[in-house]
Amino acid sequence: QVQLVESGGGLVQAGGSLRLSCAAPGRPVNSYTLGWFRQAPGKEREFVAKIYWYVGNTDYADTVKGRFTISRDNAKNMVYLQMNSLKPDDTDVYYCAADTGGRLSRTVRDYEYWGQGTQVFVSS
């Protein structure tokens, strides 16, 4: 079983920035899609952003487009989520995930491997 590790969460005031990091245990293969999801208490886990490992093309949820940027470092086996102009509604637990099937999916059930989550809290 592959397990991912997130870091970089914390407490920030509205309008501030955070960068989340996700470390893979080994080098992802070229066909992987790496994604970020988030979940608030009592709500479903929702898609935030994804990146195709080899080419680097990206996709974003409308709620974060223009504020968040996903990127990867192939040499370090890392994927990042730069979050700018944060709002209180961005307060969630954030998860990174890997889809090995080349589906370029936004669907939670299509991602096989997950991290434990990192908490982001944005104060008003």
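Because only heavy atoms are used, hydrogens play no part in the values below, and waters and symmetry mates are left out as well, while side chains stay in.
Partners of Asp59 by salt bridge (Lys or Arg N to Asp or Glu O under 4.0 Å), not counting sequence neighbours, listed by chain and number: Lys50, Arg106. Among residues two or more places apart in sequence or in another chain, the side-chain hydrogen bond (donor to acceptor under 3.5 Å, both in side chains) test is passed with Arg19 by none.
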For side chain to side chain contact (heavy atoms under 4.5 Å, CB included), just list the numbers for Val108 and Trp114, CA-CA rounded to whole Å, side-chain angles, deciding distance to a tenth of an Å, and then say yes or no. CA-CA 10 Å; Val108 167; Trp114 293 84; 3.6 Å; yes
Please walk me through it: do Asp99 and Thr33 pass side chain to side chain donor-acceptor pair (under 3.5 Å)? CA-CA 5 Å; Asp99 172 21; Thr33 296; 4.8 Å; no
Determine whether Met83 and Tyr94 satisfy the following criterion, side chain to side chain contact (heavy atoms under 4.5 Å, CB included), listing intermediate values before the conclusion. CA-CA 11 Å; Met83 305 186 295; Tyr94 285 72; 3.9 Å; yes
As a quick check of understanding, evaluate side chain to side chain contact (heavy atoms under 4.5 Å, CB included) for Thr63 and Arg38, giving each step before the final call. CA-CA 12 Å; Thr63 52; Arg38 65 187 184 184; 3.7 Å; yes
Verdict with reasoning, Asn84 to Ser17, per side chain to side chain donor-acceptor pair (under 3.5 Å): CA-CA 4 Å; Asn84 299 325; Ser17 298; 2.9 Å; yes
For a side chain to side chain contact (heavy atoms under 4.5 Å, CB included) check, start with the C-alpha distance between Val93 and Gln116, then their side-chain angles and the critical distance, and finish with the verdict. CA-CA 9 Å; Val93 176; Gln116 299 176 76; over 6 Å; no
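The shortest distance between side-chain heavy atoms of Leu104 and Tyr52 falls below 4.5 Å. Side-chain contact between Ile70 and Tyr80 is absent, with no heavy atoms from C-beta onward closer than 4.5 Å. The side-chain heavy atoms of Phe68 and Leu86, taken from C-beta on, include a pair separated by under 4.5 Å.
At a threshold of 4.5 Å between side-chain heavy atoms, the hydrophobic network of Ile, Leu, Val, Met, Phe, Trp and Tyr places Met78 and Trp36 in two separate groups.
In summary, of the residues considered (Val79, Val48, Val120), a side-chain contact (heavy atoms from CB on, under 4.5 Å) with Leu20 occurs for Val120 alone.
Here the side chain of Thr118 pairs a donor or acceptor atom with the backbone of Gly9 at under 3.5 angstrom. The closest donor-acceptor contact from the side chain of Gln13 to the backbone of Ser124 lies at 3.5 Å or more, if one exists at all. Although no hydrogens or angles enter the test, the distance criterion places a donor-acceptor pair under 3.5 Å between the side chain of Arg72 and the main chain of Trp53. Not a single donor-acceptor pair under 3.5 Å links the side chain of Gln39 to the backbone N or O of Asp92. Under a 3.5 Å cut-off, the side chain of Thr107 and the backbone N or O of Arg109 do not form any donor-acceptor pair.
Applying the disulfide (SG to SG under 2.5 Å) rule to pairs touching residues 19-109 yields Cys22-Cys96, sequence neighbours excluded.
By the 4.0 Å N-to-carboxylate-O rule, Lys87 lies too far from Asp90 to be salt-bridged with it.
Close placement of the Tyr111 and Phe37 rings is indicated, their centers lying within 6.0 Å of each other.
Within a 6.0 Å sphere centred on CD of Gln82, heavy atoms belonging to other residues, nucleotides or ligands number more than 12. Around atom OH of Tyr54, no more than 12 heavy atoms belonging to other residues, nucleotides or ligands sit under 6.0 Å away.
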